[in-house]
Enquirer: 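Let me begin by handing over the structure; questions about it come next.
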Amino acid sequence: MARGLRQLIPAALSAALLAALVLGTLGAVTIRAGGFGALRGPDLSALWFTVWQAALSAALSCALAVPVARALYRRRFMGRGLLISLLGAPFILPTIAAVMGLIAVFGRRGFVNEALGAVGLPEVTIYGAHGVIAAHVFFNLPLATRMLLHGWQAIPSERFRLAQSLGFGPAQMLRHLEGPMLRRVLPGAALAIFLVCLTSFAIALTLGGGPRATTVELAIYQAFRFDFDMSRAASLALVQVGLCLGALVVSLLVTLPSSSEAGLDRPPVAGLGAGLVLRAQDTLAIAAASAFLLIPIATILMRGIPTLGALPGSVWSAVGTSLWIAGGSTLLTLALALPLALAAPRHRWAEAAAMLPLTASALVMGTGLFLIARPFVNPTSLALPVTLIANAALSLPFAVRILIPEARQLQADYDRLAASLGLTGVARLRLLTLPRLARPLGFAAGLSAAFSMGDLGVITLFSDGETQTLPLALFQLMGSYRLDQAAGAATLLMVLTFALFWACDRIGHHADPR
Amino acid sequence: MLTLDNLTISQGEFRLVANLTLATGSRTAVIGPSGAGKSTLLGAIAGFIAPSAGRILWNETEITRTPPGARPLSILFQDQNLFPHLSVAQNIGLGISPALRLSRADHTRIEAALERTGLAGLGARKPAALSGGQQSRVALARALLRAKPLLLLDEPFSALGPALKSEMLSLVAEIAQEQGTTLLMVSHDPDDARALCPQTVPVENGTAHPPQPTDALLDNPPPALRAYLGP
């Protein structure tokens, strides 16, 4: 028994560190807030905006995803596989870089407005509530499309064949086959997107603002940076914690569909969606979605690559800072996540501890850590370590969720054999655990490295303007309207983020001895 | 000598009691209807299932609470006997040092074990590159090197064809003979039991009975065993 307890020490340490971090920050925030008395009228409208923009973003993403997913299900064309893979990319795409792309297309001097101006139409603006929502759709339409595509692929092809042999038209097809699937998949997809949008910060920071487009996260930032009103920032942080807790409870009650499983990509039943009208409809859906998702990114790359050589030195030093923060935070994530994932199949508390960071958003954690640090040191001197720790904590739940199924499988397959051979401790880690978990570890490392690389959150609270990460440097270039340099920095950020993800994932595959 | 002293295993409704001894160097089959608890019995002896009462002794030493790897036994499971990511030689080497810290002398011993089990020259391969019979031989080679006084077989050869299975069983018998190993094997096939094991432990109705001469038992089985064996 003593041996069993000793094996749990690393997991217990991880859990204790996480609990201290999360509960410590929440405690600091709660004490400083001393209730909700410091909140003012605009803060309530921030809460209201946060909720309705998340709802609308979720609804729009799902509604638009239906025709795109259906088209992807029943058509085969060159580059279809690539397009489906790219639909997974927004998950690690740095928010600020994508926003830069949307501005380059839809902004005042973007080519949409140039085209509109050329034919004498009034210009559109990407700033404001609708801009925030458009950016959320940009990030979440791909997510919803993948979930729905899996839904379509999960409908047995026998049913489609039966429907065809009975002569169903598109309306009957929708009613008897696709409708039931959509009723099953859509609520979960919408909920997942709604939850993500509740903690939106970087998008609201760049495209929102003002009384009508401020999220709670952004309001925390403004109370903190502009008003230096720590009580109000803390009260707002409590509101955000309430939102996160509510979201967490809802997501525990509803099983969210997964967008990460590959799913069987069998060819569709022949003759589905035949006819000129349906063909045109599918072509339009795929073309429009691809254009909406790819053109902003392509624009950044086209504008950014030529300016790479002319980037100011501050950007390059920000690159160095971001890289070491990403590296450190990835190592910390893995060091905390692996023991928890290994303990989780037998001990529920380990999984619960791993989900703790979901109760705090980036800005909440930043506020709490600032409040804790302030009596002792100048918080700005801690900007980078705090960013590293917060990034690690925020990507930990994802890493643990990736690792748990594999850890469970590992234990089911090899626990008895390892025990019968006396394979324990470091030898077990080296000879069994690390080799068998190399792939999911590489994938989890890639995700946390990408998250950390692209994150624009905690650093905005702590930075004194001198210490910069690459996303923050990009944000400041955008703020000073140096858009060509900003495009260069955004290109650099995207390339580095994907390169980090790809490298970690490859290392995992390479280290997998299978 | 293996002694099961009033060993009691309880899992929900299921309950199995064993009161028996096996002499050192004996070869014993475990026979009984499926679900009677044959694998459970072996699992308890190997240390994967904690008994609710009773004791397990090897000679005079109690091993009821000893961790599986420290018990004086090797066990071959029905499947998952090898780590697929380690080479054949490494899988065998785990039997010498679980941390795979192997001296040159150890490597020589591994080579010898490979040779003894008919696997000469295959040490560098991964298990997936071997046939089912060869994979069984690797697990057996490791047990050979560990040279524990007790060997438990939980139907490790059941996926092999009849000819290959009896070939493997006679190899086991040979090695057990050479090392003076006490052998306890679960069997579904009365012919295997007759061929290899002079005595048999019948498991039925929640009891693992003391060993009886295999031929006499199978010629004249008690009712529950008769129903299982068929006419």
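Numbered from 1 within each chain, the chains take letters A, B, ... in sequence-line order.
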Enquirer: Measure the CZ-CG distance between B/Phe83 and A/Leu432 for me, rounded to the nearest 0.5 Å.
Expert: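 Taking CZ in B/Phe83 and CG in A/Leu432, the distance rounds to 5.0 Å.
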
Enquirer: Can you tell which part of B/Arg142 gets under 4.5 Å to a heavy atom of chain A, answering side chain, backbone, both or neither?
Expert: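 The answer is the side chain of B/Arg142.
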
Enquirer: Where on B/Phe48 is there a heavy atom nearer than 4.5 Å to chain A: the side chain, the backbone, both, or neither?
Expert: side chain

Enquirer: Atom CG in B/Asn91, atom CG in A/Leu421: separation rounded to 0.5 Å?
Expert: 8.5 Å

Enquirer: How about NE2 on A/His510, more than 12 heavy atoms from neighbouring residues, nucleotides or ligands closer than 6.0 Å, or not?
Expert: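 12 or below, so no.
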
Enquirer: Can you give me the closest heavy-atom contact between B/Ile75 and A/Ser420, atom names plus distance?
Expert: CG2-CB, 3.9 Å

Enquirer: Calculate, to the nearest 0.5 Å, the distance between atoms CG and CD belonging to A/Leu417 and B/Gln80 respectively.
Expert: 8.5 Å

Enquirer: Between B/Arg146 and chain A, which part of the residue has a heavy atom less than 4.5 Å away: side chain, backbone, both or neither?
Expert: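 The side chain, not the backbone.
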
Enquirer: So for atom CH2, which belongs to A/Trp502, do other residues, nucleotides or ligands contribute more than 12 heavy atoms lying within a distance under 6.0 Å?
Expert: no

Enquirer: In Å, rounded to the nearest 0.5 Å, how long is the span from CZ of A/Arg416 to CG of B/Asp154?
Expert: 6.5 Å

Enquirer: By a 4.5 Å heavy-atom criterion (distance strictly below it), what part of A/Arg430 contacts chain B: side chain, backbone, both, or neither?
Expert: side chain

Enquirer: Tell me if the CZ atom of A/Arg401 is crowded by more than 12 foreign heavy atoms within 6.0 Å.
Expert: no

Enquirer: Is the shortest side-chain heavy-atom distance between B/Pro98 and A/Arg428 below 4.5 Å?
Expert: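 A side-chain contact under 4.5 Å is absent here.
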
Enquirer: What part of B/Leu100 gets closer than 4.5 Å to chain A, counting heavy atoms only: side chain, backbone, both or neither?
Expert: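 Both backbone and side chain of B/Leu100 come within 4.5 Å of chain A.
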
Enquirer: Testing the basics here: between A/Tyr414 and B/Leu82, what is the closest heavy-atom pair and its distance to 0.1 Å?
Expert: CE2-O, 3.6 Å

Enquirer: Grab the two heavy atoms, one from B/Ala99 and one from A/Ala427, that are nearest each other, plus how far apart they are.
Expert: CA-CB, 3.6 Å

